[in-house]
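Each remark here refers to the structure printed beneath this line.
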There are 2 protein chains.
Amino acid sequence: MPEKTYHHGDLKNALIAAGIDILAKEGMGGLSLRKAARKAGVSHAAPYAHFTDKQALIAAIATDGHSKIYARLASVMEQYPGDPLRQLIEIAWSYIEFGLQEADHFRVMFSGAVEKERDYPALVEITGKNFGLVRQLTVRCQAAGILAPGDPDLAAVGMWGLVHGFVSLLLEGQISHTVTDRYSQRELLIAALNQISRVPIDLQNYSTPPDGG
Amino acid sequence: MPEKTYHHGDLKNALIAAGIDILAKEGMGGLSLRKAARKAGVSHAAPYAHFTDKQALIAAIATDGHSKIYARLASVMEQYPGDPLRQLIEIAWSYIEFGLQEADHFRVMFSGAVEKERDYPALVEITGKNFGLVRQLTVRCQAAGILAPGDPDLAAVGMWGLVHGFVSLLLEGQISHTVTDRYSQRELLIAALNQISRVPIDLQNYSTPPDGG
DNA sequence: TCCCTGAACTTGACACTGTCAAGATTCTAG
DNA sequence: CTAGAATCTTGACAGTGTCAAGTTCAGGGA
């Protein structure tokens, strides 16, 4: 049990956690430094000992989100070694699940909430790591004939773009309801992937994520 | 020259224009109702005669953005009748140009800044119209063998997702600099489109938008 | 042991924001 | 011409990001 001391002990992480919580419950508009401070049980100016800015807290929250995505994707990657098609599908699905479940956290990461990423090295590093993972997946899919051959960087941009754009449009309600009413999100994903896949993906075989996912 | 009268005359549109201007110069963080009011030369509470909320102004700005995109895309569509491949490429390019040139306006439209689109019928209508246009393009591309056959709604989601995701990732600096340093945005787009296109798109032929675009 | 330096935190202030209520002004339908 | 609606102003309130000054506390050197 943490004693109530003058020094919090782990305020920085407590503020990040509080911020993520506020984000989940009230969305971007409800997120404020003072509210996070209140939630962590400290005074309104305490955060300035750990974050230069509100921007800095937001950047930390975004960094946390990217780390969580990396952990998810890496875990899925390990789960299906030697099956790049399954890796592609389940990694995309995992990405989408995160986006839909943690919508506002996802938005903080990809919606320009962090105005100058350059200023936050940890953020730059983790986003680079994520791109590397996507690139790695791309290379394997190319070797397996799932994706077209060519510069893997270019293929990675196309593939990731497809998946990311799909979540974004879904998240912002840009996809007509005449479509979303007729198909499940999983079906929509498979269909989207089928547009870049060189081998046809049979909906039957991949209609649901396998158990133990 | 507009006289300085008590009644502004066109305050609603003036506020939208002011908002767009602020967005372009200071980004989302700099946008406030009071600043827009100041810019339009009215008192700080005047906007409430035309917008119930700050959200309502943001929704109006988003609606304006979607209309502008629609106008762009429709114009490109007319420019190349009977050439669906060119339509696909130049529509995608035009979409991307808007996103990159009017980055913050674009973000307002696609980043959850409008929390309840449902409440803004004009916004819902124009986004539906845009999806219709994308769908129309998709059908033509399918007929020409450029996109895989099948439910055009599904194909539209995949195609639009690809383009939209590409802009979003570019805009938020998620694409590794090792990639963006080596290729122009136009090249990246062509490469991305090549991943969903059934017919290979020769970079040579489409490296630049044709004159008069 | 004492002190002292720096980090972590509090208190108080400032300008700015979204929003509401009350009043002033102008437009327009009858 | 007049009544009511639409538009706009003024003034207020709570909440916000941020800074400056002071308070508490942990750890190291004497």
Side-chain angles (χ1 to χ4, degrees), chain A residues 1-23 25-62 104 108 112-116 119-120, chain B residues 1-23 25-62 104 108 112-116 119-120:
Chain A
M1 274 301 165
E3 294 285 324
K4 194 178 178 182
T5 61
Y6 188 91
H7 283 2
H8 181 289
D10 194 21
L11 183 54
K12 185 166 186 174
N13 288 312
L15 288 169
I16 295 173
I20 292 173
D21 212 54
I22 294 170
L23 226 36
K25 286 173 183 154
E26 310 177 39
M28 189 79 231
L31 178 60
S32 80
L33 272 180
R34 293 171 99 110
K35 208 181 286 184
R38 236 173 285 141
K39 204 157 193 156
V42 295
S43 74
H44 66 260
Y48 285 86
H50 304 276
F51 300 100
T52 66
D53 249 349
K54 185 184 184 184
Q55 274 291 307
L57 173 60
I58 291 177
I61 292 174
D104 286 281
V108 164
V114 183
E115 288 164 16
K116 299 199 275 180
D119 296 353
Y120 308 98
Chain B
M1 276 299 164
E3 294 285 324
K4 195 179 177 182
T5 59
Y6 189 88
H7 283 5
H8 181 288
D10 194 22
L11 183 55
K12 186 168 186 174
N13 288 312
L15 287 169
I16 295 173
I20 293 173
D21 212 53
I22 294 170
L23 229 33
K25 285 174 184 154
E26 310 177 40
M28 188 81 232
L31 178 60
S32 80
L33 272 180
R34 292 172 99 111
K35 208 181 287 183
R38 237 174 283 142
K39 203 155 193 158
V42 295
S43 74
H44 66 260
Y48 285 87
H50 303 276
F51 301 100
T52 67
D53 251 349
K54 185 184 184 184
Q55 274 290 306
L57 174 60
I58 291 177
I61 292 174
D104 286 282
V108 164
V114 183
E115 288 165 16
K116 298 199 275 180
D119 297 354
Y120 308 98

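The analysis underlying the following values was restricted to heavy atoms, covering all of them including side chains, and did not include hydrogens, waters or symmetry mates. The sequence lines fix the lettering, A, B, ..., with proteins before strands; numbering per chain opens at 1.
Each of B:Gly9 and A:Leu31 was assigned the nucleotide of DNA chain D with the nearest heavy atom; the assignment lying further toward the 5' end belongs to B:Gly9. Take the nearest nucleotide of DNA chain D for B:Ala49 and for A:Tyr48: the residue whose nucleotide is more 5' is B:Ala49.
Counting to the nearest Å, the P atom of C:dT26 and the CG atom of B:Leu11 are 16 Å from each other. As a whole-Å value, the separation of A:Lys12 NZ from C:dA7 C1' is 14 Å. Between the C1' atom of C:dC20 and the NZ atom of B:Lys54 lies a distance of 17 Å, rounded to the nearest Å. In this structure, CD of B:Glu26 is placed 13 Å from P of C:dC16, rounded to the nearest angstrom. One atom, CD of B:Gln55, and another, P of C:dT19, lie 9 Å apart when rounded to the nearest Å. Rounded to whole Å, the distance from CG on A:Leu15 to P on D:dG17 is 12 Å. At whole-Å resolution of the value, CZ in A:Phe51 and P in C:dC9 are 11 Å apart. Rounding to whole angstrom units, CG of residue B:Leu57 and C1' of C:dT19 are separated by 14 Å.
Scanning all heavy atoms of the two residues, the minimum distance from B:Val114 to B:Ala59 falls at CG2-CA, 3.8 Å. Shortest non-hydrogen contact noted between A:Asp104 and A:Leu23 is CB-O, 3.6 Å.
Heavy atoms of other residues, nucleotides or ligands lying less than 6.0 angstrom from NZ of B:Lys12 number 12 at most.
Within the structure, a side-chain polar atom (N or O) of B:Ser32 is placed less than 4.0 Å from OP1 or OP2 of C:dT17. Within the structure, every side-chain polar atom (N or O) of B:His50 is placed at least 4.0 Å from both OP1 and OP2 of D:dA6. Dashed line: the shortest gap from a side-chain N or O of B:Arg34 to OP1 or OP2 of C:dA15 is not under 4.0 Å.
When distances run from any side-chain atom of B:Leu33 to the nucleotides D:dC8, C:dT17, C:dT19, the shortest one goes to C:dT19. Residue A:Ser43 places its side chain closer to C:dC9 than to any other of C:dC9, C:dG12, C:dA21. Taking every side-chain heavy atom of A:Ala45 into account, C:dT11 is the closest of C:dT11, D:dT16, C:dT17.
Within the nucleic acid shown, B:Gly29 has no heavy atom closer than 4.0 Å to any nucleic acid atom. Counting any heavy atom pair closer than 4.0 Å across all strands shown, A:Gly30 reaches no nucleic acid atom.
Side-chain atoms of B:Asp53 and B:Ile58, non-hydrogen and from C-beta on, never get closer than 4.5 Å to each other.
Between the side chain of B:His44 and the base of D:dG11, a donor-acceptor pair under 3.5 Å is found.
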* Asked: Yes or no on side chain to side chain contact (heavy atoms under 4.5 Å, CB included) for A:Glu26 and A:Leu31, after CA distance, side-chain angles and deciding distance?
  -> CA-CA 7 Å; A:Glu26 310 177 39; A:Leu31 178 60; over 6 Å; no
